[in-house]
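Heads up, the thing below is written out as structure tokens.
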Amino acid sequence: DAYLLLADIFMDNGEYADAVAVLEDALQVSDEKDVRRQLGETAYLASQCGEREVYRNSYLGKALESYEILNQSSHPSYEDRLNLALVERALGKYESSNATLRDMLALYPEEYILPMWMCYNYLDLAKEGGSWQSIRDDLKFRYQDCKHIYDSGTKEDEDMEQLKDIMEHM
């Protein structure tokens, strides 16, 4: 598809705003999952490059909308569910992110990444609310869960290693 090719060219040049615009045009022509998925990914990347908060939030809103729609299908993919949770997290919607991750955990109990991101959400909730009391038990439970799964695996994950560091210094 010409739209996807043009969006790829813009992305390769780091022109995420133009790539998002092209993908939005592509959605007007065809509401295919692949186009919506690429829009979500590209909008998220654009949000990471934005200099001003208003642009960042605008792109995150586009990514959120894309992933919410993708997750309305009868069998959303693991990646679409996880991306929804991560975009919710980026928007500061930690409770929504944890709800998405909790739903995923029922389907993918062997994935340490899910409780790991829940831990990060709990840490941000505590920082935002100023109280560790309300999240301490949940944080401890989810951390033990993800650490046990992670430690039984063989690959190393920078985010998990950072979480281990944080938890050891608490």
Side-chain angles (χ1 to χ4, degrees), residues 1-73 76-105 108 111-132 134-135 139 142 146 157-163 165-166:
D1 184 86
Y3 285 107
L4 296 179
L5 182 59
L6 184 57
D8 283 341
I9 292 169
F10 281 130
M11 286 180 58
D12 288 345
N13 291 326
E15 299 172 31
Y16 298 109
D18 291 330
V20 167
V22 166
L23 291 166
E24 288 176 319
D25 289 344
L27 278 179
Q28 301 302 317
V29 176
S30 171
D31 190 15
E32 292 180 29
K33 281 185 177 183
D34 290 343
V35 175
R36 189 161 299 282
R37 189 170 290 119
Q38 190 167 348
L39 174 59
E41 292 171 14
T42 306
Y44 181 80
L45 289 171
S47 76
Q48 303 306 299
C49 299
E51 298 170 16
R52 295 178 33 196
E53 189 75 14
V54 68
Y55 294 132
R56 178 183 179 276
N57 288 338
S58 173
Y59 287 123
L60 284 174
K62 291 171 193 255
L64 180 66
E65 180 184 6
S66 291
Y67 290 120
E68 284 176 339
I69 290 170
L70 287 166
N71 277 277
Q72 289 172 0
S73 73
S77 72
Y78 173 87
E79 290 80 12
D80 291 340
R81 288 175 189 231
L82 182 59
N83 286 336
L84 173 61
L86 294 177
V87 169
E88 289 169 331
R89 175 177 162 60
L91 283 165
K93 298 179 176 190
Y94 306 118
E95 298 286 355
S96 296
S97 178
N98 273 353
T100 301
L101 292 166
R102 202 172 297 110
D103 290 345
M104 290 181 70
L105 207 47
Y108 308 100
E111 292 288 329
Y112 74 88
I113 289 172
L114 306 175
M116 177 194 75
W117 284 116
M118 291 176 81
C119 288
Y120 278 116
N121 285 337
Y122 287 128
L123 289 168
D124 285 339
L125 278 168
K127 186 171 27 171
E128 198 174 72
S131 169
W132 293 97
S134 61
I135 58 97
L139 174 61
R142 292 301 176 193
C146 69
D157 179 318
E158 185 179 324
D159 292 320
M160 186 62 198
E161 291 298 325
Q162 185 177 2
L163 178 62
D165 225 30
I166 292 168

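- More than 12 heavy atoms of other residues, nucleotides or ligands lie within 6.0 Å of CD in Glu111, so this atom counts as buried by the packing criterion.
- We find that Glu79 and Arg37 are not joined by a salt bridge, their nearest charged nitrogen and carboxylate oxygen being 4.0 Å or further apart.
- Closest non-hydrogen pair, Asp31 versus Arg36, comes out as OD1-NH2, 2.8 Å.
- Taking CD1 from Ile135 and CZ from Arg142, the interatomic distance works out to 13.0 Å, rounded to the nearest 0.5 Å.
- Between Leu163 and Cys146 the shortest side-chain heavy-atom distance falls below 4.5 Å.
- Here the CZ-CG distance, from Arg102 to Leu114, works out to 11.5 Å after rounding to the nearest 0.5 Å.
- In this structure, CD in Glu41 is found 7.5 Å from CG in Leu45, a value given to the nearest 0.5 Å.
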*Under the side chain to side chain contact (heavy atoms under 4.5 Å, CB included) criterion, do Val35 and Leu39 qualify, and how do the steps go?*
CA-CA 6 Å; Val35 175; Leu39 174 59; 5.6 Å; no
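- Summarising the geometry, atom OG belonging to Ser66 is positioned 9.0 Å from atom CG belonging to Leu23; distances are rounded to the nearest 0.5 Å.
- Here the straight-line distance linking atom OH of Tyr59 with atom OG1 of Thr42 works out to 11.0 Å at 0.5 Å rounding.
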*Does the pair Leu123 and Lys127 meet the rule for a side chain to side chain contact (heavy atoms under 4.5 Å, CB included), with working shown?*
CA-CA 6 Å; Leu123 289 168; Lys127 186 171 27 171; over 6 Å; no
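- Between Asp80 and Lys33, none of the side-chain N atoms (NZ, or NE/NH1/NH2) sits under 4.0 Å from a carboxylate O, so this pair counts as no salt bridge.
- Of the inter-residue distances, the one linking Ile9 atom CD1 with Asp18 atom CG reads 12.0 Å to the nearest 0.5 angstrom.
- Side-chain atoms of Ser30 never come within 3.5 Å of backbone atoms of Ala26 as a donor-acceptor pair (strictly under, hydrogens ignored).
- Under the 4.5 Å side-chain criterion, counting only non-hydrogen atoms from C-beta, Tyr78 is not in contact with Arg81.
- Looking at every heavy atom in both residues, Glu32 comes nearest to Leu27 through O-CD2, 4.5 Å.
- Between Tyr120 and Asp159, the side chains place no donor N or O within less than 3.5 Å of an acceptor N or O (distance only, hydrogens not considered).
- Looking at Ser47, its side chain does come within 3.5 Å of a backbone N or O of Tyr44 through a donor-acceptor pair.
- Shortest non-hydrogen contact noted between Leu139 and Trp132 is CD2-CZ3, 4.4 Å.
- Closest heavy-atom contact between Val22 and Ala7: CG1-N, 4.0 Å.
- Under the 3.5 Å distance criterion, with hydrogens and angles disregarded, no donor-acceptor pair is assigned to the side chains of Asn121 and Glu88.
- Looking at Arg89 and Leu101, their side chains never come closer than 4.5 Å, going by heavy atoms from C-beta outward.
- Nearest heavy-atom pair across Ala43 and Ala63 is CB-N, 3.8 Å.
- Within the 4.5 Å cutoff, side-chain heavy atoms of Asp8 are placed close to those of Gln38.
- With a 4.5 Å cut-off on side-chain heavy atoms, Tyr67 and Leu86 do not count as touching.
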